[in-house]
Amino acid sequence: MNEKTIEKSFDEYMKKNYTENYLSNYKREVIDNQRCDFANGVEYYLKNTWHDRSVIPEYGRNILVKTKLYGVFVGGKSLSEKDYKTFDKEVEIESWAYIEDLLTNK
């Protein structure tokens with residue numbers, strides 16, 4: 001996700017949730033503030049979705065792992081704490097995320 005994608009998402013959100021009449025009465029600075037808040041929310045979500053290697057994932061949950069040696073590794077169920085630490089030593093985990101946190105809600 002990049003700045004252009006965030007801008008597009010914000011524009012789609014505004015079009016879906018606010019009528020033209022409502023927007024025409026809005027001051028430009030208010031919309032700009034909302035755009036900034038929206039982008040900050042996306043950035044916060046992304047930063048909190050990916051976990052540092054020192055954080056051990058809950059056992060049995062599906063994870064996606066970024067490693068120094070292999071790039072992105074689609075993990076199945078997360079490992080026990082002991083096995084996770086062994087795996088980390090072997091592949092040098094950079095970060096990981098629960099797969100369910102990366103999927104959109106339906």
(Q) Using every non-hydrogen atom in the two residues, find where Trp50 and Ser95 come nearest and quote the distance to one decimal. (A) CE3-OG, 3.6 Å
Q. Would Phe87 and Val55 show up in the same hydrophobic cluster when neighbours are defined by side-chain heavy atoms closer than 4.5 Å?
A. yes
Q. Could you state the interatomic distance from CH2 (Trp96) to CD1 (Ile56), rounded to the nearest 0.5 Å?
A. 9.5 Å
Q. Pick one: which of Asn62, Ile63, Thr49 meets side chain to side chain contact (heavy atoms under 4.5 Å, CB included) with Tyr98?
A. Ile63
Q | Minimum heavy-atom distance Leu64-Ile99, with the two atoms named | A | N-CG1, 3.8 Å
Q: For the residue pair Val65 and Tyr70, establish whether any side-chain heavy-atom pair is separated by less than 4.5 Å.
A: no
**Q.** Value rounded to 0.5 Å, distance of CG in Asp101 from CZ in Arg61
**A.** 6.0 Å
Q. Can you tell me how far the NZ atom of Lys85 sits from the CD1 atom of Ile93, to the nearest 0.5 Å?
A. 11.5 Å
Q: Any chance you could measure Glu81, atom CD, to Thr86, atom OG1, to the nearest 0.5 Å?
A: 10.5 Å
Q: Starting at CZ of Arg53, measure out to OH of Tyr84 and round the result to the nearest 0.5 Å.
A: 7.5 Å
